[in-house]
Amino acid sequence: ETGVTQTPRHLVMGMTNKKSLKCEQHLGHNAMYWYKQSAKKPLELMFVYSLEERVENNSVPSRFSPECPNSSHLFLHLHTLQPEDSALYLCASSQVVRTDTQYFGPGTRLTVL
Amino acid sequence: KQEVTQIPAALSVPEGENLVLNCSFTDSAIYNLQWFRQDPGKGLTSLLLIQSSQREQTSGRLNASLDKSSGRSTLYIAASQPGDSATYLCAVRGSGGGADGLTFGKGTHLIIQP
């Protein structure tokens, strides 16, 4: 256990559905991240939050909408996704951005039908 | 744009061997480099973090080196065990603006044969 939890672990949704992924860190960290891991591609950074403020948006389509209500919780709201969005979505946290070790959650396996 | 390459993509060796995994990156302006392992269907476990000012880090049977000027890092695994079987990922954190996340390689899929 890394101290970062993600729910749900698996999600199947249609292209017209709206769903949310949740991440919670129990480490007292100030920075949180969303990454996408697709088959045969490197992990891709999606969003970075530092002290609840979004500091990086890595050219992610607007059908992905992040929310960070406090330093312990991070959400990824999904709507009108495409089948190519099927992937493992990983959340991570670190004490501060930029210099610290990142700790990853187990991920949410998303399938878009 | 930073690119990270890992060689080999896959490796299968008998138990007990020492082995080296390679990572290269195109932009030497980095804050740090991190090695992770990922077990099938699971998240990432951090193994070693090397700051840009450091040359190497050691943890148990693992040793990671960093040559920032040449854009290379190696992960050395001594006396490999079947439990070391996993995908090993190299990631760098850039020092430029707007580069607070990690850039990953595709990984080396390692199998240690009993």
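Proteins come first, then strands; the chains are lettered A, B, ... in the order of their sequence lines, and each starts at number 1. Note that these values count all heavy atoms, side chains included, but never hydrogens, waters or copies made by symmetry. Nothing here was measured: the structure is a model prediction, and the numbers come from that model.
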Trainee: What part of A/Leu90 gets closer than 4.5 Å to chain B, counting heavy atoms only: side chain, backbone, both or neither?
Mentor: side chain
Trainee: Take a 6.0 Å sphere around OH of A/Tyr103 and say whether it holds more than 12 heavy atoms from other residues, nucleotides or ligands.
Mentor: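 Result for OH/A/Tyr103: open.
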Trainee: Taking the six-membered ring for Trp, is the centroid-to-centroid distance between A/Tyr35 and A/Phe104 below 6.0 Å?
Mentor: yes
Trainee: Measure B/Leu89 against the heavy atoms of chain A and call it side chain, backbone, both or neither at under 4.5 Å.
Mentor: side chain
Trainee: Side chain from CB out, backbone as N, CA, C, O: work out which of these in B/Gln6 comes under 4.5 Å of a heavy atom of chain A, or both, or neither.
Mentor: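 When you check distances to chain A, no heavy atom of B/Gln6 falls under 4.5 Å.
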Trainee: For B/Ser46 and A/Gln102, test the side chains for any donor-to-acceptor distance below 3.5 angstrom and give the result as yes or no.
Mentor: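 Side-chain D/A pair, B/Ser46 to A/Gln102: absent.
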Trainee: Does CD in B/Glu3 sit with more than 12 non-hydrogen atoms of other residues, nucleotides or ligands closer than 6.0 Å?
Mentor: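 Atom CD in B/Glu3 is not crowded, with 12 or fewer foreign heavy atoms closer than 6.0 Å.
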Trainee: Name the region of A/Gln37, side chain, backbone, both or neither, that has any atom closer than 4.5 Å to a heavy atom of chain B.
Mentor: side chain
